[in-house]
Protein chains: 2
Amino acid sequence: MKPPGLARRIRADLEARIRSGALNPGDRLPTEQALMAEYGCARMTVSKAIGALAGAGLVTRNRRAGTLVAHPHVQTAVLEIPDIAETIAALGETYAFRLLARGVRGTVGQDARETALSPVGPLLDLRGLHVAGGSPFALEERVIDLAAVPDARSADFSGQAPGSWLLKHAPWTEARHRIGALAASPAEARALDIRTGHACLMVERWTFRLGQGVTFVRQIFPHERYELTAEFRN
Amino acid sequence: MKPPGLARRIRADLEARIRSGALNPGDRLPTEQALMAEYGCARMTVSKAIGALAGAGLVTRNRRAGTLVAHPHVQTAVLEIPDIAETIAALGETYAFRLLARGVRGTVGQDARETALSPVGPLLDLRGLHVAGGSPFALEERVIDLAAVPDARSADFSGQAPGSWLLKHAPWTEARHRIGALAASPAEARALDIRTGHACLMVERWTFRLGQGVTFVRQIFPHERYELTAEFRN
DNA sequence: TCATAAATAATGTCTAGACAATAATGGGGA
DNA sequence: TCCCCATTATTGTCTAGACATTATTTATGA
């Protein structure tokens, strides 16, 4: 599977020393000269190995001071934000989407969440409910820039969730997420069949294509029905 | 700020061509020979630039077939979960940690969150409050496996948050996160100075080192005080 | 026609050296 | 003592070439 490659081996060796705790944050790695001698190779080979470690954030290289094991300061986790329909299907429950409201607007509102999209065309507003096993699972409010996705105007969202439709019809290049909690407003509580003030998980997502806003969505889940999980390997 | 560096420039140029859409997924990049001619440099320099792009997952390199712009993968976002002290400091507020309770236990409880760590040694229980600008910011409950981090037994957590301490003293290799919402229990509400039932964001994290559990932490934030954000570029 | 072998085009890796840039170190002078 | 400056160790970057590896393309032969 893995071709030899001395640089890879050096990188793996050093990484093992760090992960095992033999080298702790702040410790100095052997100098490139020492590693050249140890492995009997040219300096570029050692430099490539250490450069890869630096690229992965495991070490920081400093002229004269040498290469130090980096102090971790953030935990980065790869968060998968799957399609809700898929999530529910994976749980073995029946899934349905109920469209609650739909409207087309020519003007852009003042809402900060909406202006962050910097939309150019008429806007399609959608409001719907994801239903799992007959009971409400999530409330979704969405704005789609029809200039970016003209086909959305004639798409039928009464049965298919706009998220699923967009995945197939609107490629995107960047996205921004906000994840938080909120207390359900009276309107949200009515739609989700919970009490006003009930704790909910909120996921907001802005999606862009080449810097141009495509869609904004805000999903609200009663806290007992959904949570995000993220695995992490460094 | 940014030292010249031809390799960096080549990398940036190519990345711009990809992000702007001039090069689409599946398209071929110029060959290394062509780039050598274009920039008038040695092949290693070009190779280094393209290698960095490949490391970032933007392109895939294939012998004979050339380097292709990678197809975007799944909808994943890189979530950064920073140290709370750093978060608060970045907001320009004063930070403090108040230790509320501390205890050492010889036995492992039946709690599913705890058994997921599969701890081997005595356990250190900590409960504390992160304070920003004089008011409660987050409540933290933590379990540390003293077999994995013996030094934690004698560490002073009355002023320094255990998370910050562990970052410096206990390297980890894997982590698992759960992110959700909850309604504050009476005890949690009292500590955070909010009303019972108040909507809160909850982050739970299990941290491992070479498969061995190190710590489990559960952090609770009043929803108006904190939220997670995740950027994603494809 | 089809399978096989050869040619070829591209990346993968490495070398041995050169000069540049930077920051810690140590020495000298006020 | 303290500041400044020269020294020096260390990484940053690049070169020009070499050979290896691999997948495609082309040519060959049955």
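Each chain gets a letter, A, B and so on, in the order its sequence line appears, and its residues count up from 1. Every value quoted in this text rests on a predicted model; they were computed, and no experiment measured them.
- Taking the six-membered ring wherever Trp is involved, the centroid distance between the rings of Phe137(A) and His130(A) does not fall below 6.0 Å.
- If you take CZ of Arg11(A) and C1' of dT13(C), they are 16 Å apart, rounded to a whole angstrom.
- In this structure, NZ of Lys48(B) is placed 18 Å from C1' of dT11(C), rounded to the nearest angstrom.
- Between Ala65(A) and Gly66(B), it is Gly66(B) whose nearest contact on DNA chain C lies nearer the 5' terminus.
- Note on Thr45(B): a side-chain N or O is less than 4.0 Å away from OP1 or OP2 of dT15(D).
- For Arg64(B) against dG12(C), a side-chain-to-base donor-acceptor contact under 3.5 Å is absent.
- From Ile84(B), atom CD1 reaches atom CZ of Phe97(B) across 9.0 Å, with rounding to the nearest 0.5 Å.
- Salt-bridge annotation for Glu141(B) and Arg113(B): absent, with no side-chain N of the basic residue lying under 4.0 Å from a carboxylate O of the acidic one.
- Inspection of the Arg61(B) and Ser47(B) side chains reveals an N or O donor paired with an N or O acceptor under 3.5 Å.
- As rounded to whole Å, 12 Å separates atom P of dC14(C) from atom OH of Tyr39(A).
- For DNA chain D, the residues of residues 25-37 of chain A within the heavy-atom distance limit of 4.0 Å (strictly under) are Arg28(A), Thr31(A), Glu32(A), sorted by number.
- Between Arg43(A) and the phosphate of dT13(D), there is no side-chain N or O to OP1/OP2 separation shorter than 4.0 Å.
- Arg8(B) places its CZ atom 19 Å from the P atom of dA20(C), with the value rounded to the nearest Å.
- Between Arg105(B) and Asp125(B), at least one side-chain N (NZ, or NE/NH1/NH2) sits under 4.0 Å from a carboxylate O, which counts as a salt bridge.
- Between Met44(B) atom CE and dG17(C) atom P there is a gap of 18 Å when expressed in whole angstrom units.
- Of the side-chain N and O atoms in Ser47(A), none sit less than 4.0 angstrom from OP1 or OP2 of dT11(D).
- With sequence neighbours left out, Arg142(B) forms a side chain to side chain contact (heavy atoms under 4.5 Å, CB included) with Leu126(B), Glu140(B), Ile144(B), Pro162(B), Leu166(B), Thr215(B), Val217(B).
- Scanning atom types as modelled, one donor and one acceptor separated by under 3.5 angstrom connect the side chain of Arg63(A) and the base of dA21(C).
- Straight-line distance from the CG atom of Leu6(A) to the P atom of dT13(C): 11 Å, rounded to whole Å.
- Taking atom CG on Leu68(A) and atom C1' on dA24(C), their separation rounds to 12 Å, with Å as the unit.
- The side chain to side chain donor-acceptor pair (under 3.5 Å) test applied to Arg225(B) returns Ser135(B), not counting sequence neighbours.
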